[in-house]
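The next block holds one structure in the form of C-alpha cells; read it before the comments.
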Amino acid sequence: MIISIASGKGGTGKTTVAVNLALSLGADIQYFDCDVEEPNGHLFMNPEWKGHHAFSVSIPDVDEPTCSFCGKCGEICEYHAILPIKDHVLVFPELCHSCGGCWLVCPEGAISKKEREIGVIEEGVRDGVEFIHGKLNIGEVLAPPLIKAVKSAAKESHTVIIDAPPGTSCPVIEAVNGSDYIILVTEPTPFGLNDLKLAVEMVRLLKMEFGVIVNKAGIGNDDVYHYCEEENIPVLMKIPNDRKIAEAYSKGSMIIDIYPEYRETFTELYDTIVKATTS
C-alpha cells in the first residue's frame with residue numbers, strides 16, 4: 001500500500017497528516033518526505049539518523065576535438081540544455097533532464113556522460129518507522145529525479161506514506177505516481193477550496209482514488225464541504241482548528257503527542273483507505 005498526502009497549496013497540513021499517520025500505524029511503515037525543495041518531516045519525526053549519500057544526475061560531457069558540430073544533439077534536446085554553435089558546444093547543466101538523447105544520437109561518439117551532484121538522500125528511523133527524505137541543493141530546480149530516487153527505496157512488504165510537495169506541478173506528479181491512494185489535505189477557506197479544485201483535477205486526470213482531509217476545521221466557511229458533497233468526494237477526516245495542536249506544531253510536536261487518542265483516529269483513517277482500495 002502506497003499512500004500519498006498532497007494538496008493544491010502549501011501550509012494546509014500535509015506533513016501534519018503524514019507524520020501522524022505514519023507513527024500511528026507503527027510497524028512495517030516507511031515515511032518518505034518527497035518535498036525535496038523544503039523537507040520538514042524530520043522536524044517532527046526526529047529520527048535517529050542511519051546514513052546519507054549524495055545524489056547525482058548525468059549530464060553531457062562533450063569532447064570538442066572529436067565533435068563534427070553537426071547539431072544533432074541540439075536538435076534532440078527538448079530543453080535546450082545543449083547547443084552547438086559554430087566550433088563550440090554550449091552545455092547548460094541546470095536545464096539538462098538526463099534523458100541521454102544527446103550522447104545516443106551523436107554520430108562521432110563525442111558526447112559522454114558525467115555526474116553532477118544536485119542533492120542528498122538521508123535515512124533514519126523513529127519508533128520502527130523507516131524515514132527517508134531528499135534535500136535538493138540550493139539553486140537546483142530539478143526535483144523529480146531526486147524524488148524518484150527517494151521512492152526507489154520503497155519495500156513491497158511495507159506501507160509507504162509519501163509526503164508530497166505542494167501544488168500540482170511536475171514534482172507532485174512524480175511523488176504521487178504509482179500510489180494506491182491519495183489524501184488531499186485542504187482547509188475550509190476560499191484559497192483552500194480554489195487549490196483543492198486544482199488538486200482534484202490533477203488526481204482525476206491521473207485516474208487515482210482519493211479523499212479529502214479538512215485541516216483547521218472550524219475556520220472559514222462550509223464551501224469546501226459543499227464542494228466535496230457535490231463532487232462525491234469522501235471527506236475522510238476533520239482536524240479541528242485547535243490552539244493546542246497549533247502550539248504543538250510550532251514546537252515540532254505532533255497531534256498524537258498531545259492527544260494520544262488520535263492514534264486510533266489515524267488508524268481508522270488507514271482502515272478506511274484500505275477498504276476503499278480493495279472494494
query: Does one hydrophobic cluster hold both Val235 and Val17, with members joined at side-chain heavy-atom distances below 4.5 Å?
result: no

- prompt: Hey, which of Asn40, Asp33, Asn20 is the one that makes side-chain hydrogen bond (donor to acceptor under 3.5 Å, both in side chains) with Thr15?
  reply: Asn40

message: Looking at Thr186 and Gly192, would you say the former's side chain and the latter's main chain have a donor-acceptor pair under 3.5 Å?
response: yes

Separation between SG of Cys67 and CD1 of Ile111, rounded to the nearest 0.5 Å: 6.5 Å

- request: Taking side chain to side chain contact (heavy atoms under 4.5 Å, CB included) as the test, write out the residues that go with Ser56, two or more places apart.
  value: Glu115, Glu117

- prompt: With sequence neighbours left out, what residues match Glu231 under salt bridge (charged side-chain N to carboxylate O under 4.0 Å, His left out)?
  reply: Arg204

message: So which atom in Ala110 and which in Cys106 form the shortest heavy-atom distance, rounded to 0.1 Å?
response: N-SG, 3.2 Å

- request: Give every residue pair that meets the salt bridge (charged side-chain N to carboxylate O under 4.0 Å, His left out) criterion with at least one member in residues 43-65, sequence neighbours excluded.
  value: Glu48-Lys50

Sub-4.5 Å side-chain heavy-atom contact between Val19 and Tyr31: yes

message: To the nearest 0.5 Å, what is the distance between CE on Met237 and OH on Tyr262?
response: 6.0 Å

- prompt: Do the side chains of Val203 and Val176 get nearer than 4.5 Å, heavy atoms only?
  reply: no

query: For the atom pair CG (Leu21) and CG (Asp163), what is the distance rounded to the nearest 0.5 Å?
result: 11.0 Å

field: Leu23 backbone acceptor or donor facing Arg263 side chain under 3.5 Å
entry: yes

- request: To the nearest 0.5 angstrom, please state how far the CD atom of Glu38 sits from the CG atom of Asp35.
  value: 5.0 Å

- prompt: Any side-chain heavy atom of Pro60 sitting closer than 4.5 Å to one from Cys73?
  reply: no

query: Can you name the one residue among Leu193, Thr189, Asn194 that meets side-chain contact (heavy atoms from CB on, under 4.5 Å) with Asp223?
result: Leu193

- prompt: Okay, side chain of Tyr181, backbone of Gly211: is any donor-acceptor separation there less than 3.5 Å?
  reply: yes

message: For a 4.5 angstrom cut-off between non-hydrogen side-chain atoms, does Met202 reach Ile173?
response: yes

message: Are more than 12 heavy atoms, taken from residues, nucleotides or ligands other than Glu264, located less than 6.0 Å from that residue's CD atom?
response: no

field: hydrophobic_cluster_shared for Phe266 and Leu25, side chain cutoff 4.5 Å
entry: yes

- request: Determine whether Val160 and Phe44 fall in the same hydrophobic cluster, where Ile, Leu, Val, Met, Phe, Trp and Tyr are linked whenever their side-chain heavy atoms lie under 4.5 Å apart.
  value: no

message: Less than 4.5 Å apart, side chain to side chain, heavy atoms only: is that true for Ile147 and Pro165?
response: yes

message: If I take atom CG from residue Leu269 and atom CD1 from residue Ile3, how far apart are they, to the nearest 0.5 angstrom?
response: 7.0 Å

task: For residues Cys77 and Cys102, determine if any side-chain heavy atom of one lies less than 4.5 Å from a side-chain heavy atom of the other.
output: no

- prompt: If you look at every heavy atom in Pro188 and Ala217, which pair is closest and at what distance?
  reply: CG-CA, 4.2 Å

- prompt: Is it the case that more than 12 heavy atoms not belonging to Ile85 sit under 6.0 Å from its CD1 atom?
  reply: yes

statement: Contacts satisfying salt bridge (charged side-chain N to carboxylate O under 4.0 Å, His left out) that involve residues 177-196 (not counting sequence neighbours) are Lys9-Glu187, Glu187-Lys216

message: Can you tell me if Glu108 has over 12 outside heavy atoms packed within less than 6.0 Å of its CD?
response: yes

message: Enumerate the salt bridge (charged side-chain N to carboxylate O under 4.0 Å, His left out) contacts for residues 78-90, please, sequence neighbours excluded, ordered by first and then second residue.
response: none

message: Restricting to non-hydrogen atoms, name the atom on Ser7 and the atom on Lys14 that form the minimum distance, rounded to 0.1 Å.
response: OG-CD, 3.4 Å

task: Return the set of residues passing side chain to side chain donor-acceptor pair (under 3.5 Å) with Asn177 (not counting sequence neighbours), or none when no residue passes.
output: none

- line: One should read off an interatomic distance between Ile82 CD1 and Leu95 CG, to the nearest 0.5 angstrom, of 11.5 Å

- request: Please report the shortest heavy-atom distance between Cys228 and Leu196, naming the atom on each side.
  value: SG-CD2, 4.3 Å

message: Check this for me: Phe191, atom CZ, are more than 12 non-hydrogen atoms of other residues, nucleotides or ligands nearer than 6.0 Å?
response: no

Sequence-distant partners of Glu37, salt bridge (charged side-chain N to carboxylate O under 4.0 Å, His left out), two or more places apart: none

- request: Could you tell me which non-hydrogen atom of Gly71 sits nearest to which non-hydrogen atom of Pro84, and how far apart they are?
  value: CA-CG, 3.7 Å

message: I want to check something: taking the side chain as every heavy atom from C-beta on, are Ile183 and Ile273 in contact at a cut-off of under 4.5 Å?
response: yes

- request: Could you tell me whether the side chain of Ile239 reaches within less than 4.5 Å of the side chain of Val185, counting heavy atoms only?
  value: no

Residues that Thr159 engages under side chain to side chain donor-acceptor pair (under 3.5 Å), provided they are two or more places apart: Tyr270

Pairs under 3.5 angstrom only: tabulate donor-acceptor contacts from the side chains of residues 247-261 to other protein residues two or more places apart or in another chain.
unit_1: Glu247; atom_1: OE2; unit_2: Arg243; atom_2: NE; d: 2.9
unit_1: Ser250; atom_1: OG; unit_2: Glu247; atom_2: O; d: 2.6
unit_1: Asp257; atom_1: OD2; unit_2: Met254; atom_2: N; d: 2.9
unit_1: Tyr259; atom_1: OH; unit_2: Asp242; atom_2: OD2; d: 2.9

- prompt: Is it true that Val36 and Ile118 fall in one hydrophobic cluster, defined by side-chain heavy atoms closer than 4.5 Å?
  reply: yes

- prompt: Is the side chain of Ser98 donor-acceptor paired with the backbone N or O of Ser58 at a distance under 3.5 Å, no angle test?
  reply: yes

query: What's the verdict on side-chain contact (heavy atoms from CB on, under 4.5 Å) for His80 and Phe92, showing C-alpha distance, side-chain angles and the deciding distance?
result: CA-CA 8 Å; His80 308 292; Phe92 304 95; over 6 Å; no

- prompt: Do you reckon Val62 sits in the same ILVMFWY cluster as Val57, going by side-chain contacts under 4.5 Å, direct or chained?
  reply: no

- request: Could you name each residue pair satisfying salt bridge (charged side-chain N to carboxylate O under 4.0 Å, His left out) that touches residues 133-151, not counting sequence neighbours?
  value: Arg116-Glu140

message: Using every non-hydrogen atom in the two residues, find where Thr277 and Glu209 come nearest and quote the distance to one decimal.
response: CA-OE2, 3.8 Å

statement: Residues passing the side chain to side chain donor-acceptor pair (under 3.5 Å) test with Glu122, sequence neighbours excluded, are His133

ring-ring contact (aromatic ring centres under 6.0 Å, His included) partners of Tyr79, counting only residues at least two apart: His97

